[in-house]
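Presented below is the structure to which this report refers.
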Amino acid sequence: MADPSSYRPKPGQIPDSPGVYKFRDEHHRVIYVGKAKSLRQRLASYFQDLSGLHPRTRTMVTTAASVEWTVVSTEVEALQLEYSWIKEFDPRFNVKYRDDKSYPYLAVTLNEQFPRVQVMRGHKKKGVRYFGPYGHAWAIRDTVDLLLRAFPVRTCSAGVFRNAERTGRPCLLGYIGKCSAPCVGRVSAEEHRELSEEFCDFMAGRTGTYIRRLERRMADAAEDMEYERAARLRDDIGALKKAMEKSAVVLADATDADLIALAEDELEAAVQIFHVRGGRVRGQRGWVTDKVEAVTTGDLVEHALQQLYGEETGDSVPKEVLVPALPDPVEPVQEWLTGRRGSNVSLRIPQRGDKKALMETVQRNALQALGLHKTKRASDLTTRSRALEEIAEALGLDSAPLRVECYDISHLQGDDVVASMVVFEDGLQRKSEYRRFQIKGFEGQDDVRSMHEVITRRFKRYLGEKEKTGEWADGESGPTEEDGRPKRFAYPPQLVVVDGGKPQVAAAQRALDELGIDDIAVCGLAKRLEEVWLPGEDDPVVLPRTSEGLYLLQRVRDEAHRFAITYQRAKRARRFRASPLDDVPGLGETRKQALIKHFGSVKNLRSATIDQICEVPGIGRKTAEAVAVAFARAAPAAPAVNTATGEIMEDEERVEEAPETTAGAAGEPVSAGAPDERRGQER
């Protein structure tokens with residue numbers, strides 16, 4: 001625990017102007033970002049008597065080891081910079097509304113020749129019209145299914161569309177009248193685009209005019225005794241009205257607004273947002289956050305506005321935003337919203353009428369969301385805390401291991417030996433800090449030696465980062481990257497877990513001892529009997545089968561194994577797909593593809609002469625000679641057999657059927673979302 005007076009800036013050093021400030025911990029990690037109208041007054045409030053600070057603020061200032069600031073000219077600039085830094089550094093003590101899912105939108109791809117209606121998630125794309133967000137994807141599909149009767153817009157993928165163009169036959173929706181089938185020329189591109197724009201107009205709330213037009217057309221068809229056409233129009237009107245019933249009118253004046261409501265207690269806060277377009281609720285979303293800093297309701301509203309509109313521009317920011325409390329001061333936030341939209345935005349508290357009544361509905365949703373979250377979270381928090389305490393007690397640790405790293409070795413009969421490192425913080429996965437390694441020190445199968453190498457490499461990097469930050473010099477911290485953030489292996493764990501028994505644990509402890517690290521605990525979890533091994537102990541620690549601590553260790557170990565075996569399989573698949581062309585210096589992917597395309601297969605290329613290779617555009621004689629030499633040196637591969645049919649596959653078939661894989665460099669962060677894998681002959 002640091003003493004705030006040890007890093008308090010000198011009197012008069014802090015400017016009395018607007019700005020944004022950052023608190024960093026002893027490892028130079030940004031732990032809090034804030035903004036202030038006067039940096040001098042705001043920062044002075046953190047360096048008062050600790051007993052007078054809010055408990056969470058007190059925890060933050062005693063965790064921090066330094067503070068720095070950036071001066072800006074206006075409060076709006078401070079708001080923008082604060083948002084950027086929170087997104088960039090992800091400080092642990094800032095309020096962050098963490099959603100557990102990516103909300104789906106109804107999207108119309110107006111940037112294509114034949115616009116498509118589909119469900120989209122994630123980042124918004126230029127030229128695509130979005131409606132939503134919706135709580136569930138099935139709600140979008142139900143709405144679209146009803147609207148396709150009146151607006152038969154294309155919904156198929158690009159592959160299905162091209163296949164229909166090639167065969168001249170539309171898909172099923174084209175046959176049943178729910179697609180105008182532009183793929184086979186039933187309507188022109190201009191007619192289909194007009195249909196798509198009508199669909200967008202209807203979804204945007206301009207419904208009355210279109211339905212009245214359909215009703216007139218239905219009446220005209222009935223007068224002309226075209227009863228079948230009138231019946232189809234009647235069914236179209238019924239489908240549209242049914243779709244409209246799914247989002248009833250809540251504001252009679254066709255208002256475009258977002259309503260934000262909060263429910264909070266001492267520890268957590270839930271936010272709910274209703275998106276009202278054309279007077280109808282078009283979408284709903286919400287988040288829950290831990291209140292890790294001392295914040296008012298107005299502060300929570302400001303953070304919610306940053307989360308909602310920080311990446312939005314134009315019409316995505318509504319003309320009116322209704323909130324339960326205004327930020328203090330409100331002018332910079334309102335000016336920032338106006339700048340995001342490009343026109344005036346009204347930020348206010350509803351006082352009476354329909355808007356106040358709807359705000360009460362949003363508030364009830366927020367209260368329900370917070371109650372549901374606390375019901376789930378109570379058990380989760382209790383369980384994780386108990387698991388960490390049980391591990392600390394079983395291993396004789398001074399405190400609960402808040403950061404745990406687990407290592408596993410994976411190979412296939414001694415080939416493609418790799419290792420994984422997974423990180424759990426507070427009992428939860430920290431996938432952004434996962435790392436993977438290639439074993440470089442030796443060839444063959446030796447799990448103990450591999451474990452020693454991996455632990456040595458990981459903690460050498462940690463010591464190197466620690467030395468670069470100046471922690472061993474005079475206590476001052478310096479940046480380790482261009483953006484000022486230490487990365488990769490800069491943060492030590494309290495506990496290292498290895499997948500294995502006594503030999504692997506001894507190897508890991510020996511690696512730490514050789515590096516002079518004595519403040520990190522080590523243990524191993526043996527697979528067969530789920531025994532916990534400690535360095536230098538002849539007998540393992542046996543945790544009860546019902547122990548939450550054992551369950552957490554098993555989760556950590558299984559995640560490390562899954563991550564290692566996924567990388568090992570990717571590396572092996574990449575090796576199987578290797579070609580003699582890979583050894584030709586200066587031959588890139590484009591010219592490789594040109595060679596294969598020209599000769600039709602690797603087999604034909606192998607038998608080609610130098611003069612024939614020179615005929616390929618972009619291939620000179622020197623390169624052709626290098627290609628011929630590479631194939632001459634390469635031993636002919638054994639024929640591959642299709643196990644389903646018994647046929648011998650040619651080279652080009654094997655190339656086409658090989659899976660696409662990528663294997664990152666050792667120690668690089670990677671995606672960690674693959675499904676669990678079990679051991680076969682792989683380790």
Side-chain angles (χ1 to χ4, degrees), residues 387-388 390-397 401 403-424 434-437 439 441-459 493-515 517-568 676-683:
L388 293 172
E390 288 179 1
I391 292 173
E393 183 178 354
L395 303 185
L397 305 180
R403 179 181 171 109
V404 178
E405 293 180 1
C406 185
Y407 298 82
D408 186 28
I409 309 297
S410 181
H411 56 80
L412 179 61
Q413 298 177 350
D415 294 330
D416 300 314
V417 185
V418 299
S420 67
M421 165 186 140
V422 301
V423 179
F424 277 58
Y434 284 15
R435 300 291 182 264
R436 56 193 187 183
F437 304 81
I439 301 303
F442 63 95
E443 299 289 339
Q445 174 181 348
D446 189 336
D447 286 0
V448 174
R449 192 174 173 187
S450 298
M451 185 63 70
H452 180 274
E453 177 183 330
V454 169
I455 298 295
T456 300
R457 285 165 58 187
R458 184 265 184 266
F459 286 98
Q494 284 81 47
L495 175 64
V496 167
V497 181
V498 299
D499 183 6
K502 189 174 180 180
Q504 286 84 358
V505 173
Q509 185 62 56
R510 188 170 70 255
L512 293 176
D513 292 342
E514 291 170 356
L515 295 172
I517 298 175
D518 58 3
D519 56 351
I520 297 176
V522 178
C523 75
L525 186 61
K527 180 70 175 176
R528 188 168 62 89
L529 298 176
E530 304 293 9
E531 302 164 329
V532 180
W533 288 89
L534 298 177
E537 298 292 336
D538 294 329
D539 298 315
V541 176
V542 179
L543 294 174
R545 286 287 177 176
T546 57
S547 166
E548 291 294 341
L550 177 61
Y551 177 64
L552 178 57
L553 289 175
Q554 288 172 328
R555 283 180 56 216
V556 173
R557 188 268 318 279
D558 291 344
E559 176 68 1
H561 173 66
R562 179 203 65 77
F563 193 43
I565 204 171
T566 300
Y567 178 36
Q568 192 269 334
D676 189 17
E677 302 286 357
R678 296 297 178 194
R679 290 178 172 88
Q681 294 185 11
E682 295 160 302
R683 171 70 182 91

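Positions are given from 1, in the same order as the sequence printed here.
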For this session: Take Leu525 and Leu550 through the test side chain to side chain contact (heavy atoms under 4.5 Å, CB included) and record every step on the way to the result.
Result: CA-CA 9 Å; Leu525 186 61; Leu550 177 61; 4.1 Å; yes

Heavy-atom closest contact ([X] atom, [Y] atom, distance):
| X | Y | value |
| --- | --- | --- |
| Trp533 | Ala526 | NE1-CB, 4.0 Å |
| Ile391 | Pro401 | CG2-CG, 4.0 Å |
| Ala564 | Val418 | O-CG2, 3.7 Å |
| Ala419 | Val454 | CB-CG2, 3.4 Å |
| Leu395 | Cys523 | CD1-SG, 4.0 Å |
| Val522 | Ala508 | CG1-CB, 4.0 Å |

Would you give the length of the straight line joining atom [atom1] of [X] to atom [atom2] of [Y], rounded to the nearest 0.5 angstrom?
| X | Y | atom1 | atom2 | result |
| --- | --- | --- | --- | --- |
| Arg436 | Ser410 | CZ | OG | 12.5 Å |
| Phe459 | Ile517 | CZ | CD1 | 6.0 Å |
| Ile455 | Leu512 | CD1 | CG | 6.5 Å |
| Gln509 | Asp518 | CD | CG | 9.5 Å |
| Leu553 | Asp499 | CG | CG | 11.5 Å |
| Gln554 | Ser547 | CD | OG | 9.0 Å |

Problem set entry | Residue pair Arg555, Leu552: steps toward the side chain to side chain contact (heavy atoms under 4.5 Å, CB included) verdict | CA-CA 5 Å; Arg555 283 180 56 216; Leu552 178 57; 3.7 Å; yes

Exercise. Stepwise, does the salt bridge (Lys or Arg N to Asp or Glu O under 4.0 Å) test hold for Lys502 with Asp538?
Worked result: CA-CA 8 Å; Lys502 189 174 180 180; Asp538 294 329; 3.3 Å; yes

For this session: May I ask you to check whether over 12 heavy atoms, not counting those of Glu393, lie within 6.0 Å of atom CD?
Result: no

Exercise. Taking atom types as modelled, is there a side-chain donor on Tyr434 or Glu559 under 3.5 Å from an acceptor on the other?
Worked result: yes

Exercise. Would Arg435 and Arg458 satisfy side chain to side chain contact (heavy atoms under 4.5 Å, CB included), going step by step from the backbone distance to the final call?
Worked result: CA-CA 9 Å; Arg435 300 291 182 264; Arg458 184 265 184 266; over 6 Å; no

Problem set entry | Side chains of Val423 and Arg403 in contact at under 4.5 Å (non-hydrogen atoms) | yes

Problem set entry | Any Val505 side-chain heavy atom under 4.5 Å of Pro535 side chain | yes

Exercise. Only one of Asp446, Val417, Ile439, Val448 clears side-chain contact (heavy atoms from CB on, under 4.5 Å) with Glu453; which?
Worked result: Ile439

For this session: For the pair Glu405 (side chain) and Val496 (backbone), establish whether a donor and an acceptor sit closer than 3.5 Å, ignoring hydrogens and angles.
Result: no

Exercise. Would you say the side-chain atoms of Ser420 pair up with the backbone N or O of Ala560, donor to acceptor, closer than 3.5 Å?
Worked result: yes

Seminar exercise, completed: Taken in chain and number order and not counting sequence neighbours, the residues that satisfy side chain to side chain contact (heavy atoms under 4.5 Å, CB included) with Glu548 are Thr383, Arg386, Ala387, Glu390, Tyr551

Exercise. Should Gln504 and Asp447 be marked as a side chain to side chain contact (heavy atoms under 4.5 Å, CB included) after you check the CA-CA gap, both sets of side-chain angles, and the distance that decides it?
Worked result: CA-CA 7 Å; Gln504 286 84 358; Asp447 286 0; 4.0 Å; yes

